[in-house]
Amino acid sequence: MHDRLSPSRIPSISPLTFCFAVALAALVIVSAGQVAPSPEQLAGGVPRMVHLVGRMIPPNVEPGFLLRVFWRMVETFQIALVGTAIGVVLSLPFAWLSAKDITPIGPFRHISRMLVSLFRTVPDLVWALLFVSAVGLGAVAGTMTIVVDTIGFCGRFFAEAMEDADERPQEALFAIGAGRFSVLCGAVLPDAMPSLINTTLFALEKAVRSSVVLGLVGAGGIGQELKVAFDLFQYRNASTIILVIFAIVVLMEFVTDRLRSKVQ
């Protein structure tokens, strides 16, 4: 009697859910067989990787090379900083137009949402290739890529933060005849500001990492120097650049974590 009344430890699933789980497991197994590394490939790749690492040691610490890497890293940070700043500013109107209940364009807000989704869906390297084709090689293409990527990232989270803002101040302003823009500036943005700042810091941290990779397709920054080092088999130069990138990313994560903790 007790066994019949006690709840089952294993939750019941519908036949449709079971079929979906089996199909998903089969897809994972088939995909692993096609794209996962085989034991033979791992056994052959490990010695080659060890040999490559050996050729990268010790890193190149010549003053002239380090100075060139330093200025490339400065350019990378400039790309990330300027791209994030412009992207955040442009994300605010996109978010306002996309946010439910406070958008001034009603049902047409889905158009703005689709644009933000497009910016977010297309990978950074694809945008970089497009902008390199449009404006040429260099940091300008990288900055434009970060701008678009930041709009895709911040536009979504800014809109969600605006939708989650306290409705009581908004209703009070609407009651005295305030327009939607006044409500945005007087009620929505002040309440959502901590979330907007946190998202902005995440976007800046993300932009620093992205701007490193963009140089691989000619969009400026330290990534371009890294690509040249590997193309010319200058592995000691490559190891120096990798260490510099690692140090900058760790430093950036530390700074943004401290800033986020102060905001919270």
Side-chain angles (χ1 to χ4, degrees), residues 37 41-42 45-85 87-88 120 123-129 131-132 137-150 152-154 197-263:
Q41 289 173 318
L42 290 175
V46 169
R48 288 194 291 270
M49 180 61 69
V50 171
H51 177 68
L52 176 61
V53 172
R55 296 179 63 182
M56 298 174 73
I57 298 174
N60 186 359
V61 292
E62 296 177 0
F65 175 70
L66 291 178
L67 183 62
R68 189 167 79 246
V69 170
F70 170 78
W71 287 116
R72 280 293 193 177
M73 202 64 232
V74 169
E75 183 183 60
T76 300
F77 185 73
Q78 289 174 328
I79 292 171
L81 185 63
V82 174
T84 302
V88 166
R120 185 174 62 254
D124 294 348
L125 290 180
V126 176
W127 286 117
L129 288 171
F131 288 130
V132 166
L137 298 172
V140 174
T143 302
M144 295 172 67
T145 302
I146 296 299
V147 169
V148 172
D149 183 61
T150 301
F153 180 79
C154 290
I197 294 175
N198 281 334
T199 301
T200 299
L201 292 174
F202 274 118
L204 179 59
E205 182 181 320
K206 180 174 178 290
V208 171
R209 292 195 299 269
S210 298
S211 59
V212 168
V213 181
L214 297 181
L216 299 178
V217 294
I222 193 68
Q224 201 163 335
E225 195 74 30
L226 181 62
K227 183 178 184 301
V228 170
F230 275 109
D231 288 345
L232 300 179
F233 307 104
Q234 297 171 342
Y235 296 116
R236 293 181 57 200
N237 291 358
S239 65
T240 301
I241 296 169
I242 291 171
L243 291 174
V244 170
I245 292 172
F246 173 74
I248 294 299
V249 170
V250 170
L251 177 63
M252 199 67 203
E253 290 179 352
F254 174 77
V255 171
T256 53
D257 286 344
R258 291 294 298 273
L259 292 175
R260 278 194 295 270
S261 65
K262 291 183 179 297
V263 171

So do [Y] and [X] actually touch side chain to side chain, heavy atoms under 4.5 Å?
| X | Y | result |
| --- | --- | --- |
| Thr76 | Val208 | no |
| Trp71 | Val74 | yes |
| Val148 | Phe131 | yes |
| Tyr235 | Ile57 | no |
| Arg258 | Glu253 | no |
| Arg72 | Glu75 | yes |
| Met252 | Phe77 | yes |

Please name the pair of heavy atoms, one in [X] and one in [Y], separated by the smallest distance, quoted to 0.1 Å.
| X | Y | value |
| --- | --- | --- |
| Ala238 | Ala229 | N-CB, 3.9 Å |
| Leu66 | Val61 | CD1-O, 3.4 Å |
| Ser211 | Ile146 | N-CD1, 4.1 Å |
| Pro59 | Ser239 | CA-OG, 3.3 Å |
| Ala128 | Leu214 | CB-CD2, 3.8 Å |
| Gly83 | Thr150 | O-OG1, 4.0 Å |

Short N-O contact, Lys206 and Asp149, less than 4.0 angstrom: yes

With rounding to the nearest 0.5 Å, note down the distance linking [atom1] in [X] to [atom2] in [Y].
| X | Y | atom1 | atom2 | value |
| --- | --- | --- | --- | --- |
| Thr256 | Glu205 | OG1 | CD | 4.0 Å |
| Phe153 | Thr84 | CZ | OG1 | 10.0 Å |
| Arg68 | Met73 | CZ | CE | 15.0 Å |
| Lys227 | Ile222 | NZ | CD1 | 14.5 Å |
| Trp127 | Ser210 | CH2 | OG | 14.0 Å |

From Val244, Ile241, Asp231, residue fulfilling side-chain contact (heavy atoms from CB on, under 4.5 Å) relative to Leu226: Ile241

Any side-chain donor near an acceptor of the partner, Asn60 and Thr240, under 3.5 Å: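 Asn60 vs Thr240: no donor-acceptor pair found between side chains.
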
